[in-house]
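To find a chain, count down the sequence lines: A is the first, B the second, and so on, and within it residues start at 1.
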Protein chains: 2
Amino acid sequence: MNTALSAIERFSRYQSDDAQSEKPVHCPVRDVLDRIGDKWSMLMIMTLARRPQRFSELRRAIRDISKRMLTQTLRDLERDGLITRHVFPTKPPSVEYRLAPLGQSLLEPMASLIDWADRRYSDIRAARACFDGTPGNVPRQT
Amino acid sequence: MNTALSAIERFSRYQSDDAQSEKPVHCPVRDVLDRIGDKWSMLMIMTLARRPQRFSELRRAIRDISKRMLTQTLRDLERDGLITRHVFPTKPPSVEYRLAPLGQSLLEPMASLIDWADRRYSDIRAARACFDGTPGNVPRQT
DNA sequence: TAAATATGGTCTATATTTGAGACATGGTCG
DNA sequence: CGACCATGTCTCAAATATAGACCATATTTA
C-alpha cells in the first residue's frame with residue numbers, strides 16, 4: 001500500500017509543477033496514461049499479447065472497433081514503440097503486428113489492473129446497482 | 001511474466017465469448033477499463049489518493065478539466081463505488097470527495113502502471129522521436 | 001472473361017463526446 | 001441593493017469517433 005503511495009507521490013510532483021508553471025512540464029505519467037488509457041490501446045496490447053496478429057485478425061478479435069480507429073491505434077502504438085509492424089510481400093500484401101519489447105514490459109503492470117478488474121467487478125456492479133436504484137441520487141441539486 | 005500472461009488469458013476468455021455470441025457477454029475487464037480508462041478518471045483517483053478534496057480543489061489540481069467533465073467524472077466514480085461524496089452544510093455548502101475502500105484498492109495496481117510510465121517514459125519519447133524523424137514513415141500507402 | 005472475394009487501408013458524412021462559458025441558488029458582506 | 005462564494009447545471013460550438021463507401025491489386029469461381 002505504501003508502495004502505491006510512493007508512486008502516487010512521484011506523480012504528484014509533476015502535478016504541482018503543473019499547477020505552478022503556465023506551460024506545464026508535461027507529466028510523463030499523464031502523457032503515458034493519455035496514450036494507453038484510450039478506448040482501444042490496452043485492448044489492442046492484450047490482444048497482441050496472445051500472439052502476433054494481422055490487421056484483419058485484430059479486427060475480428062476486437063469486433064466493435066472501426067477500421068479507422070484500428071489503423072490509428074496501431075499507428076500510435078507503433079509510434080510509441082509498443083508494437084512493431086511487419087509487411088510481407090504476399091500476393092495481397094499482409095501486415096503483421098507484434099508486441100515490441102517495450103510493449104511486453106507493459107504486460108506486467110497491465111495484468112495487475114486486469115486482475116483488479118476481474119476481482120472487483122462484482123463490487124462495482126453492486127455499487128452501480130445501488131447508486132442507480134437508490135432514490136435520492138436523482139435530486140442532485142443542493 | 002507468466003503471471004501477466006495468465007491474467008491476459010483470463011481476459012481472452014471473454015474476448016472469445018465475445019467473438020461467438022451476437023450479443024456479447026460483457027467482459028468485466030473491458031467494462032472496468034472503459035470506465036477508469038477515460039481521460040480523467042485515473043487522474044482523479046490519483047489526486048484523491050493524496051487526500052480528500054473539494055470540488056474546487058480538484059479543479060485547481062487538474063487545471064485543464066472543465067467543470068462539466070469534473071462533475072461527470074466524479075459522478076461516474078461515485079456510481080461505481082470508487083469515491084464517496086460528502087456534503088457539509090457550511091455557509092456556502094462545501095462538498096468533499098474521498099476515495100472509498102474500493103478506490104483505495106485500485107491504487108496498488110495503478111501504482112505499478114505509474115511506475116512503468118515513469119521508468120519507460122524515456123524509451124517512449126525516443127521511439128516517438130525516431131518514428132517522427134525517420135523518413136519512410138510518411139509514405140504509408142502500399 | 002467477368003464477377004466475387006480477400007487484403008490493408010483511406011475518405012467522407014454522421015453521431016457522440018468534450019469544452020467554454022452563461023446561468024442558478026442561497027447565504028454573507030459592504 | 002448589488003457583488004461574491006461554492007457547487008453545479010445547461011446550451012451551444014468544437015473536437016473526436018464511428019460506419020461504411022471506396023480503392024488498388026491479385027486470386028478464385030462461374
Would you mind building the protein contact string for nucleotides 14-21 of chain D? One character per nucleotide, 5' to 3', B for base within reach (heavy atoms under 4.0 Å), S for sugar-phosphate only, - for untouched. ---SBB-B
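Comparing atom distances between the B:P92 side chain and each of C:dG9, D:dT7, D:dC5 picks out D:dC5 as nearest. Between C:dG8, D:dG8, D:dA6, one nucleotide has an atom nearer to the side chain of B:R54 than all others, and that is D:dA6.
Remark: B:Y97 is not in phosphate contact with D:dT7, judged by side-chain N or O atoms under 4.0 Å from OP1 or OP2. At least one side-chain nitrogen or oxygen of A:S56 sits closer than 4.0 Å to the OP1 or OP2 atom of C:dG8.
Residues satisfying the side chain to side chain contact (heavy atoms under 4.5 Å, CB included) criterion with A:S56, sequence neighbours excluded, are A:R60. Listed by chain and number, the residues in a side chain to side chain donor-acceptor pair (under 3.5 Å) with B:S112 are A:S112 (sequence neighbours excluded). Legend: residues meeting side chain to side chain donor-acceptor pair (under 3.5 Å) with B:Q72, ordered by chain and number and at least two apart, are absent. For B:T47, the side chain to side chain contact (heavy atoms under 4.5 Å, CB included) partners two or more places apart in sequence, or in a different chain, are A:Q15, B:R50, B:Q53, B:L58, B:A61, B:I62. Legend: residues meeting side chain to side chain donor-acceptor pair (under 3.5 Å) with A:R125, ordered by chain and number and at least two apart, are absent. Under the side chain to side chain contact (heavy atoms under 4.5 Å, CB included) criterion, B:R79 pairs with A:R128, A:F131, A:D132, sequence neighbours left out. Remark: A:A49 pairs with A:L99, A:L107, B:I8 by the side chain to side chain contact (heavy atoms under 4.5 Å, CB included) rule, at least two apart or across chains.
Rounded to a whole Å, the NE2 atom of A:H86 is 14 Å from the P atom of C:dG8. Per the geometry, CZ belonging to A:R59 stands 13 Å off C1' belonging to C:dA6, to the nearest Å. Summarising the geometry, the separation between CG on A:L70 and C1' on C:dT7 is reported as 13 Å, rounded to the nearest angstrom. Between B:D34 atom CG and C:dT16 atom P there is a gap of 16 Å when expressed in whole angstrom units. Rounded to whole angstrom, the span from the CZ atom of A:F55 across to the C1' atom of C:dT10 amounts to 10 Å. The distance between atom CD of B:E57 and atom P of D:dG8, rounded to the nearest whole Å, is 13 Å. Rounding to whole angstrom units, CZ of residue B:R85 and P of D:dT7 are separated by 10 Å. When the C1' atom of C:dT7 is taken as reference, atom CD of A:Q53 falls 16 Å away, rounded to whole Å.
Here B:F88 lies out of heavy-atom contact (under 4.0 Å) with every strand.
At a threshold of 4.5 Å between non-hydrogen side-chain atoms, the residues A:L113 and A:M42 count as touching. Put simply, the side chain of A:M44 reaches to within 4.5 Å of the side chain of A:L74, judged on heavy atoms.
Note on the helix from C:dT1-D:dA30 to C:dG30-D:dC1: angle between the axes of the first and last five pairs equals 30°, rounded to 10 degrees.
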